[in-house]
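Have a look at the structure below before the remarks.
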Number of protein chains: 2
Amino acid sequence: MNDQRLITILHARSVKPTAMRLLVLDMLAQQETAISLSDLEEQFDKVDKVTLYRTLKTFEQHKIIHSIDDGTGSAKYALCSEGCECNPGDLHVHFHCQLCKRTFCLTDYTIPAVNLPQKFVLKEMNMVMKGLCEDCST
Amino acid sequence: MNDQRLITILHARSVKPTAMRLLVLDMLAQQETAISLSDLEEQFDKVDKVTLYRTLKTFEQHKIIHSIDDGTGSAKYALCSEGCECNPGDLHVHFHCQLCKRTFCLTDYTIPAVNLPQKFVLKEMNMVMKGLCEDCST
DNA sequence: AAAGCCATGCAACCGATTTGCAAAGTTATG
DNA sequence: CATAACTTTGCAAATCGGTTGCATGGCTTT
Ligand SMILES: [Mn+2]
Ligand SMILES: [Mn+2]
Ligand SMILES: [Zn+2]
Ligand SMILES: [Zn+2]
């Protein structure tokens with residue numbers, strides 16, 4: 001992605017555009033599926049994992065990315081859509097393929113509302129479907 | 001719970017009723033919310049965590065209990081209802097309270113169906129709501 | 001009694017995540 | 001410009017939940 005565009009994204013979320021952050025944001029923008037910290041590390045030569053870790057944390061805190069707990073034991077990360085506030089209302093479903101191990105953001109599939117018992121207050125939500133993705137099901 | 005009743009539960013799932021398993025099953029039956037391996041360990045004096053771990057694994061494989069990934073990093077466990085087969089259709093929603101840290105089985109709240117994109121095959125599902133439980137919301 | 005099998009206990013390992021701390025880089029101030 | 005203050009980065013090490021290896025113990029079968 002165009003550097004100026006990346007800087008704009010970071011700026012919109014009040015994150016200073018360091019060289020490292022631009023690299024990481026660009027890499028995240030290239031992904032078709034959500035990736036783990038280790039995945040991210042493998043896509044670079046010679047970058048420190050802890051720095052990547054902290055970069056992801058920073059991005060997550062500023063809602064540039066969201067993290068996905070797909071039950072595999074390693075968190076996955078993917079870009080948020082523009083203006084996302086990660087509220088229960090605008091969250092989407094995630095799908096983890098048990099065969100190819102990829103985790104997909106089904107951004108067009110919003111999580112259906114569930115009536116909770118009286119007095120339970122909803123703040124966050126996580127819905128993960130598991131099975132076979134389109135490439136693996138045939 | 002009555003010992004004979006515990007033995008019946010284990011027998012129904014083809015698990016041999018050892019002393020340890022009866023103790024663990026009884027403890028699980030006493031819980032109001034799902035508990036972690038560490039929680040379980042704390043409720044006993046002087047039992048080996050690995051043995052508890054393996055007991056939980058055995059129970060899970062035989063569908064005596066189900067595990068819940070509530071996103072806290074430690075799996076929680078709770079008894080399955082009688083005859084449960086843990087299929088997508090008969091799964092329920094879980095709720096994790098961000099204040100008291102308890103994880104509830106909302107056994108009366110089935111996970112709503114979601115239309116997946118073409119060719120995605122669903123095998124498993126996990127839906128966790130987070131927020132404040134009835135005791136913590138007031 | 002001997003052999004076989006499963007359950008248990010203890011030590012050690014593993015991968016993912018997190019923290020501590022010093023060095024390098026940036027920004028603000030005089 | 002020079003210095004101080006603050007932020008980001010790199011490397012080492014700790015933490016934590018989960019898992020495995022292996023020897024011992026107990027029950028069952030021959
Ligand atoms: Mn997503
Ligand atoms: Mn449950
Ligand atoms: Zn796949
Ligand atoms: Zn609570």
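Chain identifiers are assigned alphabetically (A, B, ...) following the order of the sequence lines, protein sequences preceding nucleic acid strands; residue numbering begins at 1 within each chain. Since this is a predicted model, take the numbers as computed values, not measurements.
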(request) Please step through side chain to side chain donor-acceptor pair (under 3.5 Å) for the pair A:Lys76 and A:Ser74, ending with a clear verdict. (result) CA-CA 6 Å; A:Lys76 305 296 185 302; A:Ser74 65; 3.2 Å; yes
(request) Answer yes or no: does atom CD of B:Glu32 have more than 12 heavy-atom neighbours from other residues, nucleotides or ligands under 6.0 Å? (result) no
(message) Listing request: all ring pair (Phe, Tyr, Trp, His ring centres under 6.0 Å) pairs with a residue in residues 7-37 of chain A, at least two apart in sequence or in separate chains.
(response) none
(request) Quantify the bending of the helix from C:dA1-D:dT30 to C:dG30-D:dC1 as the angle between its end axes, each fitted on five pairs, to 10°. (result) 10°
(message) Quick test of your reading: applying ring pair (Phe, Tyr, Trp, His ring centres under 6.0 Å), list the pairs with at least one residue in residues 12-36 of chain A, sequence neighbours left out, ordered by first then second residue.
(response) none
(request) For the pair A:Asp39 and A:Glu41, evaluate side chain to side chain contact (heavy atoms under 4.5 Å, CB included) and give the outcome as yes or no after the intermediate values. (result) CA-CA 5 Å; A:Asp39 294 338; A:Glu41 186 189 22; over 6 Å; no
(request) List in numerical order all residues of residues 41-58 of chain A for which some heavy atom is under 4.0 Å away from an atom belonging to DNA chain D. (result) A:Asp48, A:Val50, A:Thr51, A:Arg54
(message) I'd like to know if the side chain of A:Gln30 pairs up with that of A:Gln43 as donor and acceptor (distance under 3.5 Å, no hydrogens or angles considered).
(response) no
Would you mind writing out the side-chain donor-acceptor pairs for residues 78-96 of chain B within the sub-3.5 Å range, not counting sequence neighbours?
residue : atom : partner  : partner atom : Å
B:Glu85 : OE1  : B:Lys63  : NZ           : 3.4
B:Asp90 : OD1  : B:Asn87  : N            : 3.0
B:His92 : NE2  : B:His66  : NE2          : 3.3
B:His92 : NE2  : B:His94  : NE2          : 3.0
B:His94 : NE2  : B:His66  : NE2          : 3.3
B:His96 : ND1  : B:Thr103 : OG1          : 3.0

(message) Quick one, A:Leu6 and A:Asn2 - any side-chain contact, counting heavy atoms below 4.5 Å?
(response) no
In residues 112-126 of chain A, what donor-acceptor pairs under 3.5 Å come from side-chain atoms, sequence neighbours left out?
residue  : atom : partner : partner atom : Å
A:Glu124 : OE2  : B:Gln98 : NE2          : 3.0
A:Asn126 : ND2  : A:Asp69 : O            : 3.3

(request) Can you tell me the distance, in whole Å, between the CG atom of A:Leu40 and the C1' atom of C:dA16? (result) 15 Å
(request) Output the rest of the hydrophobic cluster of A:Val50: all Ile, Leu, Val, Met, Phe, Trp and Tyr residues reachable through side-chain heavy-atom contacts under 4.5 Å, sorted by chain and number. (result) none
(request) State plainly whether the residues B:Arg102 and B:Asp135 are in salt-bridge range, i.e. N to O under 4.0 Å. (result) yes
(message) Students should find this one: the first and last nucleotides of DNA chain D, 5' to 3', lying under 4.0 Å from a heavy atom of chain A. What are they?
(response) D:dT7 to D:dA12
(message) Give the residues of residues 62-78 of chain A touching DNA chain C, defined as any heavy atom closer than 4.0 Å, sorted by residue number.
(response) A:Gly73, A:Ser74, A:Ala75
(request) Determine whether A:Tyr77 and A:Leu40 make a side-chain contact, defined as any pair of heavy atoms from C-beta on separated by less than 4.5 Å. (result) no
(request) Using heavy atoms and a sub-4.0 Å distance, could you list which residues of residues 15-31 of chain A are near DNA chain D? By number, please. (result) A:Lys16, A:Thr18, A:Met20, A:Arg21
(request) Only pairs at least two apart or in different chains count here, so list each ring pair (Phe, Tyr, Trp, His ring centres under 6.0 Å) that has a residue in residues 32-51 of chain B. (result) none
(request) Starting from the C-alpha separation in whole Å, work towards a yes-or-no answer on side chain to side chain contact (heavy atoms under 4.5 Å, CB included) for A:Thr55 and A:Thr51. (result) CA-CA 6 Å; A:Thr55 302; A:Thr51 302; 4.2 Å; yes
(message) Can you list everything that forms a salt bridge (charged side-chain N to carboxylate O under 4.0 Å, His left out) with B:Glu60? Sequence neighbours excluded, please.
(response) B:Lys57
